[in-house]
Number of protein chains: 4
Amino acid sequence: MVKKPVPDATRRSEKSRRAIYDAALALVAEVGYPKTTIEGIAARAGVGKQTIYRWWPSKADVLLEAFLDLGEQAARQAGQVPYEIPDTGDLAADLKAVLRATVDELLDPRFEAPSRALAAEGLVNEQLSREFVAKLLEPQLQLYVNRLRAAQATGAVRPDVDPRIALELFVSPLAQRWLQRTAPITYAYTDTLVDYALYGLAPR
Amino acid sequence: MVKKPVPDATRRSEKSRRAIYDAALALVAEVGYPKTTIEGIAARAGVGKQTIYRWWPSKADVLLEAFLDLGEQAARQAGQVPYEIPDTGDLAADLKAVLRATVDELLDPRFEAPSRALAAEGLVNEQLSREFVAKLLEPQLQLYVNRLRAAQATGAVRPDVDPRIALELFVSPLAQRWLQRTAPITYAYTDTLVDYALYGLAPR
Amino acid sequence: MVKKPVPDATRRSEKSRRAIYDAALALVAEVGYPKTTIEGIAARAGVGKQTIYRWWPSKADVLLEAFLDLGEQAARQAGQVPYEIPDTGDLAADLKAVLRATVDELLDPRFEAPSRALAAEGLVNEQLSREFVAKLLEPQLQLYVNRLRAAQATGAVRPDVDPRIALELFVSPLAQRWLQRTAPITYAYTDTLVDYALYGLAPR
Amino acid sequence: MVKKPVPDATRRSEKSRRAIYDAALALVAEVGYPKTTIEGIAARAGVGKQTIYRWWPSKADVLLEAFLDLGEQAARQAGQVPYEIPDTGDLAADLKAVLRATVDELLDPRFEAPSRALAAEGLVNEQLSREFVAKLLEPQLQLYVNRLRAAQATGAVRPDVDPRIALELFVSPLAQRWLQRTAPITYAYTDTLVDYALYGLAPR
DNA sequence: TTCTAATCGAGACGGTACGTCGGGTCTTATT
DNA sequence: AATAAGACCCGACGTACCGTCTCGATTAGAA
């Protein structure tokens with residue numbers, strides 16, 4: 001077992017890290033993930049290659065961190081770090097609103113390129129996939145779980161329903177359409193998904 | 001614009017094509033998609049690189065064709081080329097049976113590696129994605145549309161439901177779990193999906 | 001020992017041969033010897049590659065034959081097939097005249113490219129070199145031997161001189177300058193060569 | 001016009017350069033120039049191809065430098081870097097001695113293969129030829145010029161003779177025989193050349 | 001505030017694979 | 001049977017990046 005000397009994070013250059021994030025996101029957006037190279041990121045960031053290899057094991061990890069950082073920044077700007085699905089008492093309306101916001105985000109070009117790339121890499125790279133799911137996907141899905149639990153408490157959803165599965169009825173179709181481009185994603189579509197799904201979850 | 005002279009398909013070597021398919025599938029299964037190289041496929045198939053470049057524009061296209069061919073072969077062996085979802089009159093039972101078979105297929109290692117790889121490539125390569133969807137995915141989904149239409153005719157499903165969207169309620173979650181490894185896929189899971197979804201599609 | 005079936009020369013296409021000669025000479029002149037390829041010759045001659053491989057073992061042999069043919073043609077046109085060095089009785093004048101003609105030929109672009117190419121190939125390919133020397137060079141040199149022998153008979157050259165060596169005193173320097181581009185070749189230069197050399201060959 | 005970034009010569013690996021020289025010379029000697037490939041040199045030298053392409057534009061240039069280096073090494077070993085043709089007062093004897101040494105060198109297999117290859121390449125590649133002549137050939141010939149000038153000073157050679165041309169009378173024939181294999185090269189032959197040539201250069 | 005050790009920008013290095021070119025063989029249909 | 005055409009296997013080309021490895025130059029924490 002070869003020990004790689006752990007670099008001293010306290011002396012790390014914040015400027016370089018930012019520049020690397022920016023370069024990685026910009027390149028993925030401009031030339032696509034496969035044509036984005038470590039060398040290209042380093043050159044664009046005005047950084048030595050070694051500085052990248054010192055802190056990240058692969059370009060996928062660079063992009064994942066850059067993307068997480070982008071998300072944090074966006075959340076911080078919106079001032080809504082502790083994100084929640086609203087609870088107006090009308091479950092269908094709340095879900096439709098959230099899904100419409102998700103549609104907007106999925107169509108935002110700033111997000112599209114990197115998240116597609118990460119999803120693609122994850123399909124084939126199990127380790128990255130786990131990290132992606134744990135850090136990004138599951139926290140999002142947990143919000144739906146919370147909201148559905150609340151709905152069960154008020155009787156809007158049958159108590160025997162597993163919320164972790166139930167949420168997939170409307171979340172997965174949207175994800176699928178987006179990832180595989182099987183069909184366009186619109187507000188009308190997500191509204192319909194919620195309608196179809198909730199029929200089945202509501203008590204008789 | 002330089003025109004590449006179109007090769008004469010009638011003189012194409014069938015033996016080479018088969019060998020390339022086999023090599024591509026074997027390598028993807030053995031070393032994974034990213035480490036599968038055109039050079040490796042050529043070497044394993046006992047074929048010149050040029051023979052690959054003559055007929056396919058990229059390794060993704062090689063793999064797509066190889067996979068389509070694999071599917072055709074499998075179907076031909078099973079003697080069930082005009083595939084259909086059974087119609088016993090019990091929609092829930094029929095869907096559960098089909099989804100269980102799908103689970104088996106998704107867990108079959110012969111299919112897993114190449115289809116993951118193609119899905120991953122499709123996320124980032126729109127042209128390939130379209131071909132993948134058109135040649136493989138949509139034909140499969142159409143079978144569900146047909147079965148749901150039949151269910152609407154017998155009154156088992158509400159007539160105002162769009163079958164193309166309805167089918168996503170149980171198909172997409174399964175696909176999602178498989179692709180993103182968010183959770184294990186089991187018979188119990190698919191059965192539950194069908195139950196949840198059909199509640200919502202059945203008449204009141 | 002694998003026997004290569006000897007092709008039937010009587011059925012050979014004269015038209016193809018001519019086309020191949022023309023194409024080979026043209027290409028060597030236009031793009032240079034290294035960039036002249038068998039494939040290129042075949043394409044330009046409107047001939048299948050196999051037709052070349054059937055009759056010649058290598059591109060050097062094609063060019064050698066093409067060049068020999070070119071020489072024969074030129075000689076036939078000039079109507080002087082049985083070539084001779086003139087014998088006016090004045091050895092120096094005769095040699096100067098012949099060398100001046102040689103200078104002209106060496107500077108003729110039609111001859112320069114192919115003969116350079118053949119010389120180059122010969123340096124590294126002994127078999128070709130022997131053929132080149134035997135078919136082209138030695139016959140030429142023999143003419144000088146004859147003329148020098150005649151000069152010895154008239155007493156213009158010492159009888160103990162070996163004509164085969166003596167001729168090299170003026171022929172080789174010219175060849176060398178041309179081949180290696182060490183210095184320009186002119187009439188004045190060849191005249192000087194003859195003067196210097198004959199001093200040494202003349203009786204005291 | 002794309003500018004290729006000039007590599008930083010101060011950081012060049014001396015070990016790699018030596019290994020490349022050795023590999024190039026060894027391969028040319030073992031398999032011949034045409035079968036010597038950049039890939040083969042790199043593999044034999046244990047070096048990446050790019051390291052060759054970074055510093056030399058072609059395999060001919062690699063070989064030329066390797067050969068120049070070989071010559072320098074040999075000269076340094078012999079401790080006779082400022083090489084001179086001896087001047088014992090007997091011009092004929094001095095020239096014969098030097099030419100005999102040249103014959104030895106031309107027949108030394110370590111020198112034969114690469115110098116033939118370079119000569120061949122030079123015939124067809126003018127740029128290389130100029131470099132070869134300037135760096136290797138002319139310095140050698142200049143030694144003869146010097147010796148002949150000295151001979152003119154002592155009256156051993158006629159004052160109106162151009163030494164640069166005179167030297168070709170014995171040097172070029174030897175070179176020619178060696179390059180074109182028209183006849184074997186021996187001490188007797190070079191002695192004869194000197195005799196024939198000096199007759200013509202000596203005063204009456 | 002100076003010293004000093006780690007990080008940094010830069011890029012040369014040994015490699016692997018790319019996509020292309022051409023060599024020489026073989027097959028097919030045409031003459 | 002020779003031919004034009006060109007697919008085939010193969011080896012080398014010159015290029016792009018990989019991940020590792022030096023090099024000064026800089027820079028931040030401990031002295």
Side-chain angles (χ1 to χ4, degrees), chain A residues 4-5 7-13 15-16 19 35-43 45-55 57-59, chain B residues 4-5 7-13 15-16 35-43 45-55 57-59, chain C residues 4-5 7-13 15-16 19 35-43 45-55 57-59, chain D residues 4-13 15-16 19 34-40 42-43 45-55 57-59:
Chain A
K4 204 179 285 188
D8 178 350
T10 67
R11 313 195 56 167
R12 183 168 183 182
S13 160
K15 192 163 62 116
S16 294
K35 288 194 173 170
T36 297
T37 66
I38 299 252
E39 231 157 48
I41 296 172
V47 139
K49 278 203 287 178
Q50 197 59 23
T51 301
I52 298 184
Y53 285 111
R54 184 155 30 235
W55 303 109
S58 74
K59 80 167 170 176
Chain B
K4 204 176 287 187
D8 178 350
T10 68
R11 310 192 59 184
R12 183 167 184 183
S13 161
K15 192 161 63 117
S16 293
K35 289 196 173 168
T36 296
T37 65
I38 298 251
E39 224 155 49
I41 295 172
V47 141
K49 276 201 285 181
Q50 201 57 49
T51 300
I52 298 184
Y53 285 112
R54 184 153 34 231
W55 302 110
S58 74
K59 80 168 168 174
Chain C
K4 202 178 287 188
D8 179 350
T10 66
R11 311 197 56 168
R12 184 168 183 183
S13 159
K15 190 163 62 117
S16 293
K35 289 195 174 170
T36 297
T37 66
I38 298 252
E39 232 159 45
I41 296 172
V47 140
K49 278 205 285 180
Q50 198 56 36
T51 301
I52 298 184
Y53 284 111
R54 182 152 33 231
W55 304 108
S58 73
K59 81 168 168 174
Chain D
K4 206 177 287 189
V6 179
D8 178 349
T10 67
R11 312 193 56 184
R12 184 167 182 182
S13 160
K15 192 162 62 118
S16 293
K35 288 195 174 171
T36 296
T37 65
I38 299 250
E39 224 156 51
V47 139
K49 277 201 285 180
Q50 202 55 47
T51 299
I52 298 185
Y53 285 111
R54 183 153 34 231
W55 302 109
S58 73
K59 79 168 169 176

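Protein chains get the first letters and strands the later ones, always in sequence-line order, with residue 1 at the start of each.
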query = Has the side chain of C:K49 got a donor or acceptor that lies under 3.5 Å from a partner of the other kind on the base of F:dG6?
reply = no

N or O in side chain of D:S16 less than 4.0 angstrom from E:dC13 OP1/OP2 = no

Rounded distance (nearest 0.5 Å) linking atom CD1 of C:I52 with atom CZ of C:R54 = 11.0 Å

inquiry  = Can you see if the side chain of B:T10 gets near the phosphate of E:dT28 - specifically, an N or O under 4.0 Å from OP1 or OP2?
reply    = no

key: Interatomic distance, D:K35 NZ vs F:dG11 P [rounded to whole Å]   = 12 Å

remark   = When A:T37 and B:Q50 are each assigned the nearest nucleotide of DNA chain F, the 5'-most assignment goes to B:Q50

query = Contact class for A:G46 vs. all strands (heavy atom < 4.0 Å): base, sugar-phosphate, or nothing?
reply = sugar-phosphate

B:K15 NZ - F:dA7 P separation (whole Å) = 18 Å

Whole-Å distance separating the CD1 atom of C:I41 from the P atom of E:dC21 = 18 Å

ask   = To the side chain of D:D8, which of E:dG19, E:dA12, F:dA7 is closest?
value = E:dA12

task = Take C:R12 and B:V47, find for each the nucleotide of DNA chain F with the closest heavy atom, and name the residue whose nucleotide sits nearer the 5' end.
result = C:R12

message = Could you tell me how far apart A:K59 (NZ) and F:dC17 (P) are, to the nearest whole angstrom?
response = 10 Å

task = Look at the side chain of B:Y53 and decide which nucleotide, out of F:dG19, E:dT27, E:dC18, has an atom nearest to it.
result = E:dC18

message = Please compare D:W55 and A:T51 by the position of their nearest nucleotide in DNA chain E and report the one closer to 5'.
response = A:T51

remark   = From CD1 of A:I38 across to P of E:dG11 the rounded distance in Å is 18 Å

ask   = So which one's nearest nucleotide on DNA chain E is more toward 5', D:A42 or B:E39?
value = D:A42

key: Nearest non-hydrogen partners of D:A9 and D:W55, listed with the distance   = CA-CH2, 3.7 Å

inquiry  = Ignoring hydrogens, what is the shortest heavy-atom contact between C:A19 and C:A45? Give both atom names and the distance.
reply    = O-CB, 3.5 Å

remark   = To the nearest 0.5 Å, atom NZ of B:K49 lies from atom CD1 of B:I38 at 9.0 Å

task = Indicate whether OP1 or OP2 belonging to E:dC13 is found under 4.0 Å from a side-chain N or O atom of D:R54.
result = yes

